[in-house]
Amino acid sequence: MKAYSIALDVLGRASNFDASNDPIVRIEVSRLRSSVENYYEAFGAERDVTIHIPKGTYVTLFPRSHLSYEHEEDELALEGDLPEMPDDVPVPEVAESIVSAPPSGRPLAMHAGVALLLCAAIAAGVAVYASKPPLTVRPSVTLSMDAVDTRLQGEASQTRDMLLTALTQFQTLTVAKSGYADVRTQKVVGMTYEIDMKYYGDGDIRSVWWQIVDRRSGDLLKSGLEAIAIDGKSPAAARQEIVDVLARRFAATRGAINNIETHASSAESIGNACVLRAEYQLDDGSSSDMAAVRSCLERTLAADPSNSDANALLARVLIAPEGAAGDAMVRARALGLANRAVSIAPMSDRAHVALMMAQFADGRIDAALQAGNRAISLNPSNPDAVAKFASVLFSVGYFDAGVSMAQDAARAVDIVPRDAMLVLALDAYRRGDWSEASLLAEQVNCTDFVVRALRAAALGQLGSDQAKERLADVRGSDPDFERTLRRKLEARRFQPLLSAEIEEGLAKAGAVFALNDVTGAVSR
């Protein structure tokens with residue numbers, strides 16, 4: 001009786017289950033052991049046969065009780081070897097079988113009662129297990145790429161191999177070998193997809209047509225065509241460019257597969273579904289559903305404490321709300337979760353991004369920059385990690401580096417990450433290009449306070465009639481913003497000059513601020 005068998009046959013884990021990383025079997029058997037012990041403590045153990053699960057093993061024993069041996073010690077023959085157990089655990093003798101007929105003097109009702117109690121206990125256990133929310137895992141994908149022109153098959157094979165490497169760097173997907181297992185005969189938890197690709201070459205253009213297929217149903221879920229110009233580029237550079245585009249398309253937070261996963265999971269699901277919902281919520285910048293996301297991540301960690309992604313996302317969710325980073329206890333817990341995520345999965349860019357954000361919130365700027373660099377080195381293709389690092393760089397005054405990374409994060413994605421778009425909008429505002437700043441700020445798809453303030457400030461600098469409407473929007477989200485603006489911008493680590501320029505634009509829009517000795521901004 002092994003943990004692996006229990007994980008697959010009882011708990012529905014996938015065939016790649018690893019007991020060293022997932023303690024679910026030990027947790028559930030420990031709960032079962034405690035339930036059995038509590039039963040005998042409450043109702044007594046004077047039965048012919050009792051149930052015993054020794055510590056250190058998953059084998060269930062059915063020892064004869066001492067009372068039964070006093071009357072029938074010769075009735076049953078004993079046989080078999082016991083499993084290995086710790087020295088401090090008493091070894092009960094094992095009956096060959098449960099008594100099929102009641103011994104003399106014992107009423108049949110007693111045995112019927114025991115049987116009914118056991119059936120009730122099993123039924124209760126099944127009901128509890130059935131009521132547990134589904135524990136989702138990362139989706140599994142297989143890749144294939146064939147060249148339409150056989151002369152380009154070498155290029156196609158190299159591109160496919162590079163893409164496999166890029167997808168494993170994301171760690172949002174589980175990459176499987178094509179044809180390794182038939183999912184119809186496996187107990188697989190989570191979705192499985194096939195990514196079929198065709199490689200085309202037409203002069204200086206290289207194109208890849210792709211489609212994503214649900215392996216279980218055979219349904220075509222999404223398809224597309226990516227093309228790049230290779231004129232003036234080395235073959236290696238051209239392949240890297242198209243691989244970056246494809247990897248982002250398939251495996252980014254808002255990529256095709258994770259978008260399918262997010263919308264397909266039920267609201268009660270925990271595990272990978274929680275992680276994806278948390279990333280969407282953080283990118284949205286709204287705090288409306290943050291409590292629900294946090295609860296989902298907490299429940300995931302209760303079921304699977306070694307889930308690196310859940311540790312990382314919970315760290316970020318804790319410090320995301322306005323003012324949360326000002327609480328030392330919140331910052332300490334976020335740092336602890338982020339460090340645990342890195343220790344569990346040291347090659348995960350998600351874990352290092354969480355560590356960067358937790359350290360940044362705690363004022364450890366140099367450490368945050370190191371964590372950000374590590375995240376990018378682990379996965380340079382991840383636009384979300386690049387955008388987060390761009391935001392940190394820009395906030396602490398590395399404007400050119402931040403803008404360069406924001407531009408890279410905005411490349412070859414359907415939806416530009418919020419942080420990348422905000423950095424580009426802030427940079428346009430900082431350079432005095434109010435029209436560009438206003439246009440970019442309006443494209444940031446979130447309800448973040450800084451985004452609202454930037455929209456009003458840019459229109460205020462332009463002298464637009466719409467500035468007052470945008471200012472009313474800021475006041476509607478935070479009636480006290482004129483008194484707290486500077487503190488909020490400082491919490492984001494904005495440079496003093498940039499904060500003063502934003503305040504100036506808001507004043508022109510009609511905001512009223514007290515005289516500030518640091519910036520010289522005035523109330524009218």
Side-chain angles (χ1 to χ4, degrees), residues 141-173 175 178 193-213 220-260 349 375-390 400-421 423-424 440 443:
V141 298
T142 60
L143 275 74
S144 65
M145 181 182 290
D146 296 310
V148 175
D149 186 339
T150 56
R151 293 171 297 179
L152 297 175
Q153 187 59 48
E155 284 186 29
S157 296
Q158 287 181 302
T159 303
R160 180 204 59 213
D161 293 345
M162 292 174 65
L163 179 57
L164 281 169
T165 300
L167 291 182
T168 57
Q169 289 174 331
F170 268 90
Q171 296 195 16
T172 59
L173 311 172
V175 182
S178 181
Y193 303 93
E194 289 181 1
I195 303 177
D196 299 324
M197 293 169 284
K198 292 182 180 179
Y199 190 86
Y200 295 85
D202 184 12
D204 290 334
I205 302 295
R206 292 293 183 269
S207 306
V208 174
W209 174 86
W210 55 268
Q211 64 176 9
I212 299 173
V213 178
L220 174 61
L221 303 176
K222 195 171 180 64
S223 62
L225 179 68
E226 314 296 340
I228 64 164
I230 64 171
D231 186 28
K233 302 172 185 174
S234 68
R239 282 194 294 272
Q240 187 61 57
E241 183 175 342
I242 199 163
V243 163
D244 285 344
V245 172
L246 290 169
R248 292 182 177 198
R249 186 73 67 205
F250 300 143
T253 299
R254 293 184 182 266
I257 292 178
N258 283 324
N259 188 49
I260 294 170
D349 58 331
I376 301 306
S377 66
L378 288 170
N379 188 5
S381 299
N382 187 348
D384 304 296
V386 173
K388 279 292 178 189
F389 193 33
D400 292 341
V403 170
S404 176
M405 299 203 77
Q407 291 170 340
D408 181 60
R411 177 177 55 85
V413 291
D414 292 330
I415 301 176
V416 178
R418 174 181 68 96
D419 291 285
M421 187 66 77
V423 166
L424 296 177
L440 291 172
Q443 295 179 50

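Just so you know, residue 1 is the first one in the sequence shown, and it goes up from there.
The distance from atom CD of E155 to atom CD of Q158, rounded to the nearest 0.5 Å, is 7.5 Å. To the nearest 0.5 Å, the span separating NZ on K233 from CG on D204 amounts to 10.0 Å. Interatomic distance, K222 NZ to I257 CD1, rounded to the nearest 0.5 Å: 11.5 Å. Once rounded to the nearest 0.5 Å, the distance linking CD of E226 with CE of M197 reads 11.0 Å. Put simply, CE on M145 and CG on D161 are 9.5 Å apart, with the number rounded to the nearest 0.5 Å. Here the straight-line distance linking atom CG of L246 with atom CD1 of I228 works out to 9.0 Å at 0.5 Å rounding.
Between T159 and Y199, the closest heavy-atom pair is OG1-CE1, 3.8 Å. Minimum interatomic distance between A390 and G402 (heavy atoms only, all atoms of both residues): CB-O, 3.3 Å. For the pair R248 and P383, the tightest heavy-atom approach, listed with the atom from each and the gap, is CG-CD, 3.8 Å. The two residues V386 and A409 make their nearest non-hydrogen contact at CG1-CB, 3.9 Å. For A406 against V423, the heavy-atom pair with the smallest separation is CB-CG1, 3.8 Å. The heavy-atom pair separating A256 from I212 by the smallest distance is CB-CD1, 3.6 Å.
Using a 4.5 Å heavy-atom cutoff, the side chains of F250 and W210 are in contact. With contacts defined as side-chain heavy-atom distances shorter than 4.5 Å, the pair I230/I205 does not qualify. Within the 4.5 Å cutoff, the side chain of S207 has no heavy atoms near those of the D202 side chain. A 4.5 Å side-chain heavy-atom check between Y193 and L173 finds every atom pair outside the cut-off. A 4.5 Å side-chain heavy-atom check between T172 and N382 finds every atom pair outside the cut-off. Residues L163 and I195 are not in side-chain contact: their nearest non-hydrogen atoms beyond the backbone lie 4.5 Å or more apart. Two residues are said to be in side-chain contact when any heavy atoms from C-beta on lie closer than 4.5 Å; M405 and I376 meet this criterion.
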(request) Could you go through the side-chain contact (heavy atoms from CB on, under 4.5 Å) check for D349 and Q169 one step at a time? (result) CA-CA 8 Å; D349 58 331; Q169 289 174 331; over 6 Å; no

(request) Could you check Q443 against V416 for side-chain contact (heavy atoms from CB on, under 4.5 Å), going step by step and ending with a plain yes or no? (result) CA-CA 9 Å; Q443 295 179 50; V416 178; over 6 Å; no

(request) Check step by step if side-chain hydrogen bond (donor to acceptor under 3.5 Å, both in side chains) holds for D244 and S381. (result) CA-CA 6 Å; D244 285 344; S381 299; 2.8 Å; yes

(message) Is there a side-chain contact (heavy atoms from CB on, under 4.5 Å) between R239 and R206? Walk through the geometry before answering.
(response) CA-CA 9 Å; R239 282 194 294 272; R206 292 293 183 269; over 6 Å; no

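Residue K198 qualifies as open at atom NZ: its count of foreign heavy atoms under 6.0 Å is 12 or below.
In this structure, N258 contributes its side chain and A252 its backbone to a donor-acceptor pair below 3.5 Å. The closest donor-acceptor contact from the side chain of S157 to the backbone of Q153 lies under 3.5 Å.
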